[in-house]
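Below: one structure, written as structure tokens.
Letters go in sequence order (proteins before strands), and every chain restarts at 1.
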Amino acid sequence: MSIPSDFTEQIIHIIKSIPKGRVLTYGFIAKLAGNPRAARQVSWILHSSSKKYNLPWHRVISSNGKISLKSFEDRQYQKNLLEQEGIKVLDGFKVNLEKYLWKINSIENL
DNA sequence: AACCTGACGAAGA
DNA sequence: TTCTTCGCCAGGT
């Protein structure tokens with residue numbers, strides 16, 4: 001284990017700040033953290049540190065509005081978590097970003 | 001220093 | 001609309 005970079009800590013902070021009933025996309029989180037092209041790093045963090053940092057990982061989805069987990073079981077699980085917060089998950093595990101994306105333009109006040 | 005990986009994403013075909 | 005390709009990033013599988 002190594003000490004997370006500032007960039008990584010920013011990402012973690014942002015994810016922990018996502019309100020219930022809202023979602024954020026990988027790319028958007030990366031952008032808020034300062035590097036719009038580091039979406040993959042966001043996925044890596046979720047994959048490796050969700051448990052460690054107790055992150056609301058289920059509130060992070062792809063830019064196309066779909067759940068990104070690989071197996072059907074995992075997608076189903078994430079879908080349940082989202083619906084528990086009032087988020088409607090449509091066929092194909094898709095979420096209406098227009099409706100549920102967390103509108104935030106800066107992390108200044110996080 | 002080099003290489004590999006992932007719950008990505010935009011652009012093409 | 002779906003599939004493929006290619007570029008990106010930081011951590012370490």
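In this model, the phosphate group of C:dG11 is approached by a side-chain N or O of A:Ser5 to a distance below 4.0 Å at OP1 or OP2.
Checking C:dC8, C:dA10, B:dG9 against every side-chain atom of A:Thr8, the shortest atom distance belongs to C:dA10.
Less than 6.0 angstrom separates the ring centroid of A:Phe72 from the ring centroid of A:Phe93.
For the pair A:Asn35 and A:Ser48, both in contact range of DNA chain C, the more 5′-proximal nearest nucleotide belongs to A:Asn35.
Using a 4.5 Å heavy-atom cutoff, the side chains of A:Val95 and A:Lys88 are not in contact. For the pair A:Lys79/A:His58, no side-chain contact is recorded, criterion being any heavy-atom separation below 4.5 Å from C-beta on. For the pair A:Trp57/A:Ile15, no side-chain contact is recorded, criterion being any heavy-atom separation below 4.5 Å from C-beta on.
We find that CZ of A:Phe7 is positioned 6 Å from P of C:dA10, with the value rounded to whole Å. Residue A:Asp6 contributes atom CG, which lies 12 Å from atom P of C:dA10 at whole-angstrom precision. Protein atom CD1 of A:Ile29 is 12 Å distant from nucleotide atom P of B:dC8, rounded to whole Å. The separation between A:Ile45 atom CD1 and C:dT13 atom C1' is 16 Å, rounded to whole Å. Look at CD on A:Gln41: it is 18 Å from P on B:dC4, rounded to the nearest Å. Across the protein-nucleic acid pair, A:Trp44 atom CH2 and C:dT13 atom P stand 8 Å apart, rounded to whole Å. The separation between A:Phe28 atom CZ and C:dC8 atom C1' is 19 Å, rounded to whole Å. One interatomic measurement links the two molecules: CD1 of A:Ile12 to C1' of C:dG11, which rounds to 12 Å at whole-angstrom precision.
Panel note: side chain A:Ser49, backbone A:Leu46; no donor-acceptor pair is recorded below 3.5 Å. Remark: the backbone N or O of A:Ala33 is not paired with any side-chain donor or acceptor of A:Gln10 at under 3.5 angstrom. A side-chain donor-acceptor contact under 3.5 Å links A:Thr25 to the backbone of A:Phe28.
Remark: A:Ile14 CD1 to A:Leu24 CG distance equals 7.5 Å, nearest 0.5 Å.
For A:Asp74, the side chain to side chain donor-acceptor pair (under 3.5 Å) test picks out A:Ser71, with sequence neighbours left out.
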Applying the Watson-Crick and G-U criteria (both distances under 3.5 angstrom) with [ ] for crossing and | for other-strand pairs, one obtains for DNA chain B ..||||.||||||

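For the contact set between residues 57-81 of chain A and DNA chain B, defined by any heavy atom under 4.0 Å, the members are A:Trp57, A:Ser62, A:Ser63, A:Ser68, A:Leu69.
No hydrogens or angles were tested; on distance alone, a donor-acceptor pair under 3.5 Å links the side chain of A:Arg40 to the base of C:dG7.
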